[in-house]
Structure formats: structure tokens, C-alpha cells
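Here the structure is a predicted model, which is why all the values come from computation and not from measurement. Protein chains get the first letters and strands the later ones, always in sequence-line order, with residue 1 at the start of each.
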Amino acid sequence: MSASQTHGHAAAHDHHDDHGPAKGILRWLTTTNHKDIGTMYLVFSLVMFFIGGAMALVIRAELFMPGMQLVDPGFFNTMTTVHALIMVFGAVMPATVGLANWMIPLQIGAPDMALPRMNNLSFWLLVAAFSLLILSLFMPGGGPAAGWTLYPPLVLQTGDAFPLAIFAIHLAGASSIMGAINIIVTIMNLRAPGMSLMKMPLFTWTWLITAYLLIAVMPVFAGAVTMLLTDHFFHTTFFAAAGGGDPVLYQHIFWFFGHPEVYIMILPAFGLVSEIIPTFSRKKLFGYDAMVYATASIAFLSFIVWAHHMFTVGMPLAGEMFFMLSTMLIAVPTGVKVFNWTATMWRGSLTFEPPMLFALAFLFLFTIGGFSGLMMAIAPVDFQYHDTYFIVAHFHYVLVPGAVFAIMAGVYYWMPKWTGHMYDVKLANIHFWLSAISVNVLFFPQHFLGLAGMPRRIPDYSTQFADWNMVSSVGAFGFGLSQLLFVYIIIKCARGGARASDNVWEGAYNHGLEWTVPSPAPYHTFEDAPVVK
Amino acid sequence: MRNPETARGMTSTIPHAKANRSLTRSLWVMAAGSFAFGFALVPLYDVICEAAGIRVNAAPSAVQASAAGVGREVTLEFMSLIPPGSAFELTPGTREMKLQPGKLYEAKFLIRSRADVPVVGQAIPSVAPSTTAKYLQKTECFCFTPQTFQAAEQREFTVRFIVAPDLPQDVDRMTLAYSMYTVADAEPQRLAAAVTPQRQ
């Protein structure tokens, strides 16, 4: 435990000195240091990435050929459900929270997060949440298998796993809300003198907006799953038509949360890319103000487009029109961002270090996912795409080569700052090319499958879908195995390697305060606030 | 190394403790407001559905049966649902009937109480496909009022209805389902002991 973070009344701990972290396991259990907690979030998210990834490989192995080969359909459904829950709430979100913990205090010149003990609590709640979720797989009746959207009435047929999964979601939600509150308070109150809002680095900006989204919608989801819980155990009928409720109501509440949730996953990724592209283009970010306003516009629009996930439930025509047009409107601020990143590179002195490679792949591949999203926004044609592999292809394009690639870019960008060592750039380049190729082999054919009519969430399919499923499964195993290299690179870098300079990327344009602290970043930074001119 | 005295208090490392607390409090209030908003969506949804005419919960207006049908035939299926915790068994007298829109028909349902004490129950109807609900017009129904049952009592009930002649041409099959609920405030304690909840 670090005495410097301990509150005055905890006198028993006063004998600790102020040299740095305590030794042993207690350091990690009780730490309130933003760098320790950031590291724990990142390691946790990497572990979850592999657990969720293993589940994805079970899915792709079963789908390698038509027919039932490896798992029974119930377990297959459990895999699709828990894979998604783990990847969304256990891998992507904690990874961006980990990056926020590490980098926001460094980017704004704050000594730590504003609420350090709540920070510790929100991390360990997440561990409890995912222990519960993984435990639920071993319950009588099998794990949750109704899809990550947990639609009633199907989800109410879940066995003993049901309350475990719901409580897991409650805990993960509480963790996210606390994390979001912490980030907002840190950014609003702890900026260094001179660090005005419109001077903040884009990663900090996107996280500020993301944190507000989290506070606005996470509790709504908590409410929805609480209603499921009372429908299951206490005979309420929120979603039971026979008792005057409506299962479609659940879909509205869920997607009122669910659509902002997708921006919760992608806005920090936008922030990461907005940091990395200027660095390796050796230019300032083009249109900084426009980027901030575009992010805020996307966040606002995310609240009024939710029903585009449910065009087929039987909405009135006016509803279909409204949600179609408001959804298409999102393409405008998103387009501003894509063009600004492109304009940042225009006439820049580009170099292609691993973070830049991942950021560029993000730019291309996220845009593909954005375009397929625009196709699905068109209500009349969405009736064809709904619940097919086209949807699967779309959201995996925006989440894997989108959010996940941006997170990897961020890790490769700041890892020398964290560890003080330069990682093996050659291996990182190999990791990039393996990932970038295999991710397209994995997900691009799913567009064809979906347009040809293959439904999602099925363990078996008719034979005309065989070939592209095989290609997709080959890509899946290629992508999964490539990530072992990522782990190896991280471990190797943590253990040693060439010394990284304070500026890390020599000759590159580094504008943020994080580059003014030594590499590795000392345990305590900015105890005296820097002055930003 | 910094002065250990200043290192002890959080205020030394984390500035603005007071401002942090007040902003944290506002953000928790905002989160609580979002939680409440999720529940507010439940009544809001009903209001919007009624306003948009998607789901009409109001009682049907008076209908006139005509002696002659419109010459087409529709199949009506009867179903019963037993919600969890219900003290009743509900069985349709017939599984399905063929009928002509515009004519008055009646169907029987058998309801038996499984409780060993007197209980009050009420049946809630639902029609599938839901878009056809407004064309199934009930002139008499046991679902309109709560019914009192003695222990293990069994009774037959009647529903009279007309399928409106303007039923869309593409509909040739409809389902009328009843769920028989126990009215909650009728001795819930003894009821819970008397009845094993059953799911269907």
C-alpha cells in the first residue's frame, strides 16, 4: 500500500514510506495508484480477451463445416452469449478504462485520479462480476444462452445461471459507473493550470464524453435486467404479454442503453487514433475543434437512434422513418472524423511504426464497418439484413479492427512510457500484419454469408454456406493464434529491452504532457502541477 | 522524498477534495436519475403505444352481429397459459373453431382452482397475431371481472365474440389465449403455502 494515497485516519499505515509501491500481493489488492490500477485493468482485459476469444474459437470450430460436430446447440448458444458479454464488458470496456487510468492523469498533469479508493473498488468489482459470469457456465441448466441482448421471454428460461448472470451485469455496471464518475471528476477538477478544456488531448476529451454516456445509460441497463429478475422470481410482468407487459418494451429499454454502449466502446478508440495519427504524421491534428464537436454530436445522436436495432418489431412508419434518418445523420460527424484523420496525414512526414500501422488499419477497416452500418440504417433493406451474418460482420468490423485495433495501437504507443523499454518492433510489425490479414479473412466473408441469408446464432447451417464459413473459421484461428504473439511482445517488453527515451518516438510530433515525464513513468508524477502555456 | 506529514492526507496529493466530493455527489444523482428513467420508460411506453395506435388497451366499442356472415372462413384457436404462482388450471372447451366474420359465436373455458382455500382469480386475454386483436370483439367475457373460487372449485365460463367483418383478407387463423392470474391481495400468505408454482 502506498502511504501517500492513504487517508489520514488510517494511522496504522503511516509507517510506510513514500518511495513507491508496496511489495507482494497486497500492493495490487489495496493500491490506489492510477498506474497500478490502469495496469490491472489492462491485464484483466487481456485475460478476458483470451477467454472470450477461446469461446469465439469454439463457435468458429463448430461452424467450420455444416452439421453438428463438436458441441451441442445449447452450449453453442452459451458460447455466443458469453463470448459477447465478456468481450463487451470484460475486454473492450476495461481496456479503455485501463488506458484512461494510466493516461488521463498524465495527459492533464494530475497527480492521480480524483477518487483513488473508489478507483480500486471499481476494478475489484469487475473481477467479482466476471467471476460470477464465468461461474454461471457451470450451473445446472447451463450458462446464459439467450444472446447478449438477454431478450425475454427466452432469457427467462435460463436455468440457475440466470441470477448469477444478472448480478454479474449489476456489478460490472456499478464498476463502470464508478469508473466514469472518477474520470469526470478527475478531468473537471484536476487539470493542470493552463490546461483548458479545448487544450485537452483528444483521448481525454473522448473519454470525458464517454464517461457521461456511461452514467446516462448504464443505470438504464441495470434497471432492465432488474425487471428481468423480478419477472423471473417475483411474478411481475414487465415483459410478459399475458400479464399486461410487453416483451418489445424490453427491446426498447435494452437498446436505449445498447446504442450509446457501442459508442462507449468506440469513442475512446477515436481518441486513441486522434493521438497516434498526428504523432506519426508529424503534424498537429487537423480540425481539433471539429473533432471535439463531432464526438459530442455522435454522443448526442446515440440517444435518439436506438430503435434501428429493432426495425422488424412492427413500428409505425413514422417511427421507422425517424430512426432511419437520425441513424444516417450519425454518418455526418463520423465522416468529419474520418476526413480529419485523413487530412492530418496530408503532406505529413509519415512513418509506419506499429502504433501507426494499427491506427491506419483502424481508419480503413472501421470505415468499412461504418459503411455496412449505413446500409443497415436503411429501414426497408434492413428487413433483409436483420439477424443475419451481415450484422455479425458489421459489428465485428467496428469492434475488432475498430475498437480492438485502436486499443492495440494505444498499447504499442504508450507501452515504452509504461515499461521504460522499447518493445520488439519487428515482432510487433509481424503481429500487425498477421492480425490485419487474418481479421479480414475472418470477418469479410461473413458479409457474403449474411447477404445470402445465413442467420446468426445458429450452430448448423445449410450447405450453400459451407465454403465461406470454412474461410471465416480459418481466419478466426489465424487471428486468435496471432494474439499469442501480442502477449509475448508485452511480456518481453515488461521484462527488458532497449531503453526508451522520455519522448519515446524520436523525431515524432508529441504534444501531450505524458511525454514530459521520464520513461518509465515514475510511480508518482505531477505532484507539483505543471503549467501549460 | 516528500514530507511524510503532507503525504499522509489525501488532500496533499489529491487537490480539490471538496470540489471532488460535490461533483461526485451530482454524478451519483445523475446515475440514480438514469436508473429511475429506465423504469419510467415502462408507463411511457404504454402511453406512446396508445397514442400511436399500436396497442389499443381500451374496451372495444359496441358491435352489431349480422345474421349473415361475409362468406369467408377463419380458424380461431383457443389456448390457456398458467403464469407462475397462479392457483388455477384453465382448459379451453374446444381447441379450435371455424367461424365466419360478422357472426356471433360462443366458446367455453373450464377453470379449476388448485388452492385449498378460497381464492380470487382473473383471466387476461391476448390475441395473436397481435395486429388482429382489434378485430376480435368480445360481447361477453369472464375476463372482465375477478372471479371468486372456493377451495378446489371447478366452473365453466363462457366468452361470446364476433370477428369483425373488416378483418384483413390475409388473416385466416387467429389465436385467443387466456392467462388465469391469482389476484394478489386475496390472502397471499396462505395461498403461497397452498399452491406449488408451476411454469408452462
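Under the 4.0 Å criterion applied to side-chain N and carboxylate O atoms, B/Glu140 and B/Lys138 are not assigned as salt-bridge partners. Look at B/Glu89 and B/Arg112 and you find a salt bridge, because one of the NZ, NE, NH1 or NH2 atoms lies within 4.0 Å of a carboxylate O, short of that distance. Under 4.0 Å is where a charged nitrogen must lie from a carboxylate oxygen, and between B/Glu77 and B/Arg173 at least one such pair does.
Heavy-atom distances place the side chain of A/Ile177, and not its backbone, under 4.5 Å from chain B. Of the two parts of B/Thr24, the backbone and the side chain both hold a non-hydrogen atom closer than 4.5 Å to a non-hydrogen atom of chain A. Of the two parts of A/Thr186, neither the backbone nor the side chain holds a non-hydrogen atom closer than 4.5 Å to a non-hydrogen atom of chain B. Residue A/Met118 touches chain B through its side chain alone, counting heavy-atom pairs closer than 4.5 Å. No part of A/Phe221 comes within reach of chain B, as not one of its non-hydrogen atoms sits under 4.5 angstrom from that chain. Neither the backbone nor the side chain of A/Ala224 comes within less than 4.5 Å of any heavy atom of chain B.
Residues from residues 32-42 of chain B that place a non-hydrogen atom less than 4.5 Å from a non-hydrogen atom of chain A comprise B/Ser34, B/Phe35, B/Phe37, B/Gly38, B/Phe39, B/Leu41, B/Val42, given in numerical order.
Surrounding CE of B/Met97 are more than 12 heavy atoms belonging to other residues, nucleotides or ligands, all under 6.0 Å away.
Proximity of the aromatic rings of A/Phe256 and A/His252 is defined here by a centroid distance below 6.0 angstrom, and this criterion is not met.
Under the 6.0 Å distance and 45° angle rule, B/Arg155 counts as a cation-pi partner of B/Phe149.
Between B/Val171 and B/Arg72 the shortest heavy-atom distance is O-NH2, 2.8 Å. Residues A/Gly173 and A/Met218 share a closest heavy-atom pair of CA-SD, 4.1 Å.
Comparing A/Leu214, A/Val220, A/Ile184, A/Val185 by how many heavy-atom pairs each has under 4.5 Å with chain B, the most go to A/Val185.
B/His16 places a side-chain N or O within 3.5 Å of a backbone atom of A/Asn189 that can act as its donor or acceptor partner.
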